[in-house]
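One structure is given here, and the rest of the page talks about it.
What you are looking at is a predicted structure, and each value in this text was computed from that prediction instead of being measured. Keep in mind that the numbers below use all heavy atoms, side chains included, and drop hydrogens, waters and symmetry copies.
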Amino acid sequence: ELDPTDGFPNTIRNIPNDADFIIHVGDILSAKESECHLSWYKQVAFMLTQSNSPVFITPGDNDWLDCEPYIGSKVAWSQWMETFENFEMNWSPHVFDIVHQPSMAA
């Protein structure tokens, strides 16, 4: 379970309301600490949805590749995609167009 005292939830709440969007560049978890449980992805997703601005998120290597010893990188990739693919749609409609790269298998 994430430590709610780590400041991340406060960081999300303190983002200025006039931000057009937010980009999170990954590494939302430590594979060693989380063992890549789906609940970690879901907990981070919940925290990110507290943002007033749309959040775009990209996976970091800690989010799936480093999960190989625990659940396997393919399972971790599936969990990441299940949780975060098109995550920014939690804030639709947008005031700008969004174009996605075609999906790529891990």
Least distance between heavy atoms, [X] atom then [Y] atom:
X   : Y   : value
F84 : L48 : CE2-CD1, 4.1 Å
A76 : D63 : CB-O, 4.1 Å
F87 : T83 : CD1-O, 3.8 Å
A19 : S53 : O-OG, 2.6 Å
I28 : W80 : CD1-NE1, 4.4 Å
C36 : L29 : SG-CD1, 4.5 Å

Straight-line distance of [X] [atom1] to [Y] [atom2], nearest 0.5 Å:
X   : Y   : atom1 : atom2 : result
N86 : I57 : CG    : CD1   : 13.0 Å
N52 : D18 : CG    : CG    : 10.5 Å
N10 : M47 : CG    : CE    : 11.0 Å
S51 : N14 : OG    : CG    : 11.5 Å
E85 : S78 : CD    : OG    : 10.5 Å

* Asked: Yes or no on side-chain contact (heavy atoms from CB on, under 4.5 Å) for K42 and E82, after CA distance, side-chain angles and deciding distance?
  -> CA-CA 10 Å; K42 298 294 185 184; E82 173 188 326; 3.5 Å; yes
Quick check: is [Y] connected to [X] through a chain of hydrophobic side chains (ILVMFWY, heavy atoms under 4.5 Å apart)?
X   : Y   : answer
L65 : Y41 : yes
F96 : I23 : yes
V75 : W40 : no
V25 : I98 : yes
V44 : I12 : yes

* To do: Flag yes if more than 12 heavy atoms outside F21 fall under 6.0 Å of its CZ atom; otherwise flag no.
  => no
* **Over 12 non-hydrogen atoms of neighbours within 6.0 angstrom of NZ in K32** => no
* Asked: Given S34 and Y70, is the side-chain contact (heavy atoms from CB on, under 4.5 Å) satisfied, shown in steps?
  -> CA-CA 9 Å; S34 71; Y70 306 102; over 6 Å; no
* Under a 4.5 Å cut-off applied to non-hydrogen side-chain atoms, are Q79 and I71 in contact? -> yes
* **Side-chain (E68) to main-chain (S73) donor-acceptor, under 3.5 angstrom** => yes
* Side-chain donor-acceptor pair present, E88, H100, cut-off under 3.5 Å -> yes
